[in-house]
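This report refers to the structure that appears directly beneath it.
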Amino acid sequence: MSHRLLKIKDSNHIIPIFGVVMLGLAAKYVYRLYSSSKQKQRLNDPWYKEGFKDIPSPSEKYPYIGHMLSLGDNPSFQLEKLHQELGPIFRLQMGTQRWVLLSDPLLAHDLFVRNGINTSGRHPQKFSYKMYSKGGRGIVFSQPDKKWKNSRTVALMVLSSKFVDPLQKSIEDIAESTVLAVFGKTTQSPDDPFIRQIIRDTEKGNLLVGSSGNLTSFLPGLSWIEDLYHGNTREKLIEHRDQDLKKLIADAVDGDVDCLAKQMMTFKDEYGLDDQDMLVILSDLISAGEDTTSLSMSWLFGILPHYPDIQRKMCAEIDAIVTKYGRMPVFSDREEMPYIVAVLRENLRFRSSVNFSIPRYSTDDIEFHEYFIPKDTVLITSMYTMHMRPENFSEPEKFIPERFLDDMRTWSASANGAIEDRDMYAFGWGRRVCPGIYLAEVEIFNVMVRTLSRHTIEPGLDSFGNLVYCSMDTLDTHGITFGPKDFTIRLVERKDSSLNYSS
Ligand code: HEM
């Protein structure tokens, strides 16, 4: 009896034990299937490479568009938040584009300088590459090949102090705008409808160079929407640009005024460049030089009314030079004007006009630090976040020129120096670092000195007579450049200007 019972008991257990074994085997099989499909997925994942760390990425992501909604209305501030959550390097899937974003200067230096050979490409987008640069001519949007190198060399030569300094003396008013500096026009020229038209077209082109003009490169399936939206406006814009630039170049070459465009044309044959190349190079100097420099000045005009004390110190330095030499200060006096030098440097840090640099493109797989970045990835410096890093700048959210009082290096020297000594990132990195740094510094210095020599910059007034200050917290995007939202100021004449007393 007891034996039978035992048997019955046993047979009752056989099924559960068998079930457990079968379940175990099934789980093992499912796990194997899962891990082999995971492994297959990993092998197909362009970001995966054995032995390398995963680059973090925000979890919220949608099919097809990926992270395209993550940057919101204000990408500069949004990227700062994402860096706070994910660290100094993270990646985004922007439609079909892979992006890597960096906020740590040491990482950026390693990526763009040490690995410069594979990180100096530009994304061959429809508008910027095919249309604007006529299939990769010029400097800004061309691939880093021999022709780019020659075009860049020619630009670097004419934008150096050797060529810019004599022009400063002969054309007193070079300060006003990059177009004027490049084509040797005088102060009356900004009111010239032709020059105004060129600046307007440049601004339109710069907008299209940003994401809005290149939607197809994110979402290729939607190219028809882009074509519908833009129609043939992009072709027309380029046609206009070409006509206007041909006229400007011809005027510069035939005219009596010495200017950068004229100098540049003399190097054409020596560097194997044709007329189309020269046209795109000169277009590059206007597109990359005009908005960046004028928006930087706009920031300064917006910031200074908040700080009357800073303006007083700047005016005191200008007055000291006027009293000493009996003339308006010029760029070569900068050594004697450390406070102004510091203010201009702090302006570039506090609100740069280029918040994502000009995105680079990896032309090969890259292994750097413990990370792997696949070929054909867009590489972006999160410049705003980099400038706001407490590790690099104490109290970064405050405008404090004094932090730079001991640094009298020119902007070119700072941007090209050793990474340990670098305190300026606004001009990019390595092989593609901005070639117009010297001209930008001269232009901004001259405008500020001339303005403050006779005026103070005061906040605007609303219709009730209340003071209205430029907002520091809203950025207006102009394609790849950023400026303050529209604001007003008042230039108030200085009764105490030393120029009133100099002979
Ligand atoms: C405050 C003013 C300026 C700022 C903040 C600025 C910033 C920059 C940045 C961030 C880059 C990208 C560098 C990289 O890829 O690493 C760049 C490139 C460039 N900039 Fe500037 N820039 C300024 C003024 C100028 C001026 C005045 C000119 C010429 C007249 C100029 C001409 C160029 C050109 C041609 C490139 C493309 C270089 C290449 O791709 O090889 N920039 N600039």
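Remember, it's 1-based here, ligands and their atoms both numbered in the order they're listed.
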Between Asp284 and Tyr132, a side-chain donor and acceptor under 3.5 Å: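 The criterion, which ignores hydrogens and geometry beyond distance, is satisfied for Tyr132 and Asp284.
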Pairwise distance CD1(Ile489) to SG(Cys470) - rounded to 0.5 angstrom: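 With rounding to 0.5 Å, CD1 (Ile489) is 9.5 Å from SG (Cys470).
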With sequence neighbours excluded, residues passing side chain to side chain donor-acceptor pair (under 3.5 Å) with Arg422: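 Result, side chain to side chain donor-acceptor pair (under 3.5 Å) vs Arg422: none returned.
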Any residue meeting side chain to side chain donor-acceptor pair (under 3.5 Å) with Thr474, in chain and number order, not counting sequence neighbours: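 With sequence neighbours excluded, Thr474 shows a side chain to side chain donor-acceptor pair (under 3.5 Å) to Ser471, given in chain and number order.
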Contact list for residues 86-108, test salt bridge (Lys or Arg N to Asp or Glu O under 4.0 Å), sequence neighbours left out: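 Pairs touching residues 86-108 that pass the test: Asp104-Arg389.
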4.5 Å side-chain heavy-atom contact, Leu300 and Val343: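 Yes, side chains in contact.
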Residues in the immediate environment of ligand 1 (any heavy atom closer than 4.0 angstrom):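 If the criterion is a heavy atom under 4.0 Å, then ligand 1 touches Arg122, Ile139, Val140, Trp148, Arg152, Leu159, Thr178, Leu285, Ala288, Gly289, Thr292, Thr293, Ser296, Ser353, Val354, Ser357, Ile358, Arg360, Met383, Ala426, Phe427, Gly428, Trp429, Arg432, Cys434, Pro435, Gly436, Leu439, Ala440.
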